[in-house]
Amino acid sequence: MEDLLRKLVAFPTTTGNAAAMHELLNFVAGFVEQRGMHVEWIESNGFESFAATTKPGYKTPKVLLAAHADVVAADDEMFSLLKENGAYIGRGVLDMKFAIAAYLQIIDEIQSNLQDYDIGLMITSDEEDGGRNGTAKLVDKGYIPQVCILPDGGDDWQIQTASKGILVYDISVTGKSSHGSRPWLGENALIKLVSLLDEISALFPKLQNPDTNTLSLTHMTGGGKSLTQIPSKARMVIDVRTVNHQEYARIHDEIMRLCKRRRATCTVISDGAPTSFSLDDPLIAPYAGLVTKVTDIPMQGFFTMGTSDARYFVPYGVPCILVYPLGGNHHAAGEWIDVNAFEQFKQITKSYLDEVAVVKKNATYRPSAQLTQSGTNRTMHQPEDSHEDSPILTAV
């Protein structure tokens, strides 16, 4: 597995490096095709991704092994795997090429009886850019499993049970230029934008913390063509995180109302509702039990501030297993994963597939079938192309 991880890390698959991403995806797709899986590629807005299953045309596996191959920028040396003091160090070793390497190792080990497993593999290239052109598109095409293993959350073996919702807004206002000595002849767009920001800020607690909704101003531009000119245009980007579905809807409605009243243009450039998964879910509980059995770590669950591609499975009732092995510094210098934890992840995931995903003898399958599970409150179906246009909301 170390050799697989080393090879994957060596691909500098930073966001926008389409050539490196294509090489990595080609390597991974070729690896699983050689072992009997059937691959479907997609391309959207320059981002390539693929899904693979054990039968051609089959889109609803019992267990989907999912991961993204894109990573954040790093110095060149971070793309050479380093093994030091019981850890692997390199860009993507934790977020999240370790998972791809483990998946490939598992598929290699079960290739002789691959058809006994009801599994799929999904590798995407745009999670760090929002996931709309990868996971969202493949879900739109009908790749909807009964459970998804997506180790892109949680912390130190604690399975993620909840995450905040995310709403990122691009807001702009217009005014009228004039000379700085005659402000009454103009309308200062920057002042209008700051006033709107003050009103939006009032929707959030003054002291923000992990248990509250949060607002972050991440970008602001505006200014006249000279230092003495009142600006006619101004723009800001704000990042909003909400603690639950009710607050997600309320905050969004209030921001859109304020923007409309201020005659501001407001576009949602990234969104994702809060997620919630139970450790008692019949498809999550076996994995949680295996984590404790292998690592001796009691399972308590984990609430995260961030988001992941799990949000694209949630509308279809798909429970997601999000868990990081022991590691740290993802998105930072010195990103690392514990060598032993890497092996444990592979062991736990393989044991889980043996327990949950082995096909019963004489079982049949329906290619691209609509899937409904009675008795679990989960109804899964093939959606329309709902992510093509719908998440972009505008108030003028």
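This structure is a prediction, so every number in the text was calculated from the model and none was measured. Values below: every heavy atom of this structure, side chains too, minus hydrogens, waters and symmetry copies.
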Show your working on salt bridge (charged side-chain N to carboxylate O under 4.0 Å, His left out) between E343 and K346 and close with a plain yes or no.
CA-CA 5 Å; E343 295 287 343; K346 194 275 291 187; 5.5 Å; no
Which residues pass the side chain to side chain contact (heavy atoms under 4.5 Å, CB included) test with A69, sequence neighbours left out?
M21, L24, I100, I123
I89: what forms a side chain to side chain contact (heavy atoms under 4.5 Å, CB included) with it, not counting sequence neighbours?
L82, E84, W336
Connected via hydrophobic side-chain network under 4.5 Å: F31 and I106
yes
Please assess E2 against K83 for the test salt bridge (charged side-chain N to carboxylate O under 4.0 Å, His left out), listing each intermediate value before the final yes or no.
CA-CA 10 Å; E2 180 177 322; K83 187 177 183 180; 3.3 Å; yes
So, the side chain of R263 versus the backbone of K260: is there a donor-acceptor pair under 3.5 Å, distance only?
no
Which of parallel (below 30°), tilted (30 to 60°) and perpendicular (above 60°) describes F342 and Y88?
perpendicular
When rounded to the nearest 0.5 angstrom, what is the spacing between CD1 in I149 and CE in M122?
13.5 Å
With clusters built from Ile, Leu, Val, Met, Phe, Trp and Tyr whose side-chain heavy atoms come within less than 4.5 Å, directly or transitively, what are the remaining members of the cluster of L185, listed by chain and number?
W184
Does the plane of the ring in F345 sit parallel, tilted or perpendicular to the ring in F98? Use 30° and 60° as the thresholds.
perpendicular
Short side-chain to backbone donor-acceptor contact, T53 and K55, under 3.5 Å
yes
Would you please say whether a donor-acceptor pair under 3.5 Å links the side chains of T304 and S163?
no
Looking only at the side chains, is there a donor atom on one of Y248 and N213 sitting less than 3.5 Å from an acceptor on the other?
no
Between R132 and D271, does any NZ, NE, NH1 or NH2 come within less than 4.0 Å of an OD or OE carboxylate oxygen?
yes
Is there a salt bridge (charged side-chain N to carboxylate O under 4.0 Å, His left out) between K7 and D3? Walk through the geometry before answering.
CA-CA 6 Å; K7 186 172 184 65; D3 288 342; over 6 Å; no
How far apart are the C-alpha atoms of E335 and K97, what are their side-chain angles, what is the distance that settles it, and do they pass the salt bridge (charged side-chain N to carboxylate O under 4.0 Å, His left out) test?
CA-CA 12 Å; E335 181 177 353; K97 290 180 177 178; over 6 Å; no
